[in-house]
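Everything on this sheet refers to the single structure shown next.
In what follows, chains are A, B, ... by sequence order, proteins preceding strands, each numbered from 1.
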Amino acid sequence: MNYWLLKSEPSVFGIDDLANRPRQTEPWDGVRNYQARNMLRDQMRRGDLALFYHSNCTPPGVVGTVEIVRAGYPDPTAFDPESNHYDPKSDPAKPRWYQVDVRLKRRCQRMVTLAELRQHAAEFDDFALLRPGNRLSVMPVAPATWRRILELAGG
DNA sequence: GCCAACGTTGGC
DNA sequence: GCCAACGTTGGC
């Protein structure tokens, strides 16, 4: 079982949106970065858990946790000319982009902001989110880091 | 709105 | 394969 962090802009799809979905489940589509794609496709497994992180907002931070309920499979929005995530170079016979399905596990009792995570950086084991210039929208989280962040979130 | 960091594109 | 130009991300 692995731990992850998934970024999303709340103005596009936030934790409230996930909470309002049927079965509180949603495909995590639209990832168009190869490093992130590789993790979705090759490493994420059903039953893994991920932090739900709100980015490009005030304040950014961790707002909840989700469970991976379906492992990586081709992202259909890449084949849809109507989608903003359409990629004409993704061939359905050899899909370029992948997604997983996530289900809301729980909201944080209190949000853990990026500023707060930075204050605790020394307690985390090489947390990719805090590396300068980090732009990945999917990244692994070490188990000890996961536990500490959930403590900060009030369980 | 600014801008640093980084990824992608495309000419050569 | 190099690398400059350009686009995107995302914090501030």
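Note that the first and last nucleotides of DNA chain B, 5' to 3', having any atom under 4.0 angstrom from a heavy atom of chain A are B:dA5 to B:dT9.
Toward the 5′ end of DNA chain B lies the nearest nucleotide of A:Asn56, the other residue of the pair A:Asn56 and A:Asn134 mapping further downstream.
Shown here for A:Val102 and A:Trp28, the closest heavy-atom pair between the two residues is CG2-CE3, 3.8 Å. Closest approach of A:Phe124 and A:Leu130 over heavy atoms only: CD1-CD1, 3.9 Å.
A:Pro59 comes within 4.0 angstrom of nothing in the nucleic acid, heavy atoms only. Residue-level contact check: A:Arg131 touches neither bases nor backbone, having no heavy atom under 4.0 Å from any strand.
Heavy-atom contacts from other residues, nucleotides or ligands closer than 6.0 Å to CD of A:Gln35 number 12 or fewer.
With sequence neighbours left out, the side chain to side chain contact (heavy atoms under 4.5 Å, CB included) criterion links A:Arg135 to no other residue.
Linking ILVMFWY residues whenever their side-chain heavy atoms come closer than 4.5 Å, directly or via other members, leaves A:Val138 and A:Trp97 in distinct clusters.
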